[in-house]
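Written out below as structure tokens is the structure these notes cover.
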2 protein chains.
Amino acid sequence: MAERGRPRAFDRDEALRRAMVLFWQRGYDGASLGELTEAMGINRPSLYAAFGSKEALFREAVALYDATEGAPIQEKIEQSPTARQAVEAVLRHNARAYVRTDVPRGCLVVLAALIGTPEHEDLRCFLKENRKGAEDYLCQRIARGISDGDVPATADPAAMARFYTTVNQGLSIQARDGASMEVLDSVVDAAMVAWDGLTAGTPSTKSTARAGQNNPSI
Amino acid sequence: MAERGRPRAFDRDEALRRAMVLFWQRGYDGASLGELTEAMGINRPSLYAAFGSKEALFREAVALYDATEGAPIQEKIEQSPTARQAVEAVLRHNARAYVRTDVPRGCLVVLAALIGTPEHEDLRCFLKENRKGAEDYLCQRIARGISDGDVPATADPAAMARFYTTVNQGLSIQARDGASMEVLDSVVDAAMVAWDGLTAGTPSTKSTARAGQNNPSI
DNA sequence: CCTTTTAGATACCGATTGGTACGTAAATGC
DNA sequence: GCATTTACGTACCAATCGGTATCTAAAAGG
């Protein structure tokens, strides 16, 4: 029952990991097949035999990214005793992860294919769904906080998840722009300052500047 | 003293505007010369004669973007009576601008060249400096708020500018992901909830979860 | 041994990329 | 009218893109 033909001479998992890092660094379009095969230590036909296509390789790379980089985040979300601690733990974790020196800065899912040619629209949508999934996951954790009693029932979990997801995505850009861990942490500090106010109730009704924003007389 | 040779048959400003929109939509790499010339209504040699190169065209497009899309923001920052109103006005403005249907969603400066090949590193740096400039501008406005007396002297303008810039950049991603104006506004709501806490003093010292983030026993 | 099966390596494919050479058209200066 | 200057349009360039055909090497099954 062993494999029949000539055995593969490279470690598929390791090759995928290296491809993931290159996609992470350069983005989908920015990583050419030449660079990919060189980084993976294999030649082109071997890549196609093992992964099917550049796009399929990318999707596998994203799956690997989710499994490896996403795992500790998922763990922090689940195991934090309160929703507030869960959200802060995620942001703190990323403030550290995004400045690691052994991998590219920022989040692959956020950065690798934000815009580009219409040809790769489905790929961008794939990443968009991934981002949406992360936001929904955070939303559910905050909602759980209401059930658990550590978050007031006046809170709007969806709005809070959107806000902290937006900050989190902004952190990827800041990290790419060279922000230090301390700087990213200060952004997280600021975001967490809003927590109590956010759980207190819907802030939309308190806003002073929303109405008439499109009125040129103001 | 009039121009000597054959007059240009196209409107250079209009052609540049169309190029800007295409770069805005697809990013630098995603906008090919073929698409650019088609959108601009000119042929390739005319583009090179009028703009020099694709990269020079892009830089001019960014300058035009700053001049047109950035002008109302600058005006809001300068003319708002308080720093708080200035920051909120910028975010509200963008929450509306980023969902316009006549132009691509999100901010060109944030989205057009975040990552890619090492070949265009200087171009990404160019946009990075542009982003940095916007943050510095916001920082100065908040510092002015301290001088004016509408912001407590305990506030940290640099940290606040970083936070609101991070949120602002996150808004571009949310807008690309399909967020409605209402959704973007709710993110702005949340960000503004933090204001009073941020001006009250440095939140870093109050954080509970920052220390020992790398300690697996916590 | 020989056949079968799978992988590695070279060399190639058509398409597209950013960028130009070159001949022609349209204006001004004299 | 004629030379000069600038722009337009076609047709092209080398380089690179993602993807493969083909041949050889290395394993298992018989």
Side-chain angles (χ1 to χ4, degrees), chain A residues 1-16 18-19 22-23 25-61 112-113 115-124 126, chain B residues 1-16 18-19 22-23 25-61 112-113 115-124 126:
Chain A
M1 270 302 278
E3 316 86 43
R4 277 289 293 268
R6 175 176 173 174
R8 182 178 284 133
F10 63 93
D11 183 340
R12 191 184 188 278
D13 294 338
E14 175 60 19
L16 177 59
R18 295 190 190 179
L22 193 66
F23 280 129
Q25 174 127 139
R26 305 225 194 288
Y28 179 77
D29 287 314
S32 71
L33 278 183
E35 287 176 311
L36 282 166
T37 54
E38 183 184 348
M40 299 165 82
I42 64 179
N43 46 38
R44 224 171 284 217
S46 296
L47 189 155
Y48 278 81
F51 299 100
S53 69
K54 184 186 179 184
E55 179 170 336
L57 173 64
F58 179 77
R59 291 176 187 263
E60 271 203 62
I115 60 180
T117 76
E119 181 187 1
H120 299 134
E121 172 81 40
D122 53 342
L123 248 185
R124 291 193 294 277
F126 169 66
Chain B
M1 271 300 278
E3 316 85 42
R4 279 289 294 267
R6 174 175 175 176
R8 183 178 283 133
F10 63 93
D11 183 340
R12 191 184 188 277
D13 294 338
E14 175 61 19
L16 177 59
R18 294 189 190 179
L22 192 65
F23 280 130
Q25 173 125 163
R26 304 223 194 293
Y28 179 77
D29 287 315
S32 71
L33 278 183
E35 287 176 309
L36 282 166
T37 54
E38 184 184 349
M40 299 165 81
I42 65 179
N43 46 37
R44 225 171 285 219
S46 296
L47 188 156
Y48 278 83
F51 300 100
S53 68
K54 183 186 179 184
E55 177 169 335
L57 173 64
F58 179 75
R59 289 174 188 264
E60 271 202 64
I115 61 180
T117 74
E119 181 187 359
H120 299 133
E121 172 80 40
D122 53 342
L123 208 55
R124 291 193 294 278
F126 168 67

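Residue numbers start from 1 in every chain, and the chains themselves are labelled A, B, ... in the order their sequence lines are given, proteins ahead of strands.
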Hits for salt bridge (charged side-chain N to carboxylate O under 4.0 Å, His left out) against A/Glu14, two or more places apart or cross-chain, chain-then-number order -> A/Arg17, A/Arg18

Taken to the nearest whole Å, CZ/A/Arg12 to P/C/dA7 is 11 Å

Rounded to whole Å, the CZ-C1' distance (B/Phe10 to D/dT6) equals 12 Å

To the nearest angstrom, the CZ-P distance between A/Phe58 and D/dG18 comes to 13 Å

Output for pair (A/Tyr48 OH, A/Leu33 CG), nearest 0.5 Å, gives 4.0 Å

The answer to which of A/Arg8 and B/Gly5 contacts DNA chain C further toward the 5' end, by nearest nucleotide, is A/Arg8

Atom CG of A/Leu36 and atom P of D/dT16 are separated, to the nearest Å, by 16 Å

Rounded to whole Å, CG of A/Leu57 lies from P of D/dG19 at a distance of 10 Å

A/Lys54 side chain to A/Tyr28 main-chain N or O, any donor-acceptor pair under 3.5 Å? yes

- Query: Counting only heavy atoms not in B/Glu38, do more than 12 fall under 6.0 Å of its CD?
  - Reply: no

Scoring nucleotides 9-19 of chain C by protein non-hydrogen atoms under 4.0 Å (B base, S sugar-phosphate only, - none) yields BB------SBB

Practice item. Evaluate the side-chain proximity of B/Arg26 to B/Ser32: yes if any heavy-atom separation is below 4.5 Å, no if none is. Key: no

Mind checking whether B/Leu16 and B/Leu57 have side chains closer than 4.5 Å, heavy atoms only?
yes

Rounded to whole Å, the CZ-C1' distance (A/Arg6 to C/dA7) equals 5 Å

To the nearest angstrom, the CZ-C1' distance between B/Arg4 and C/dA25 comes to 16 Å

Tell me what A/Ala49 touches on the nucleic acid: a base, only sugar-phosphate, or nothing, going by heavy atoms under 4.0 Å.
-> nothing

B/His120 atom NE2 is separated from D/dT16 atom C1', nearest whole Å, by 12 Å

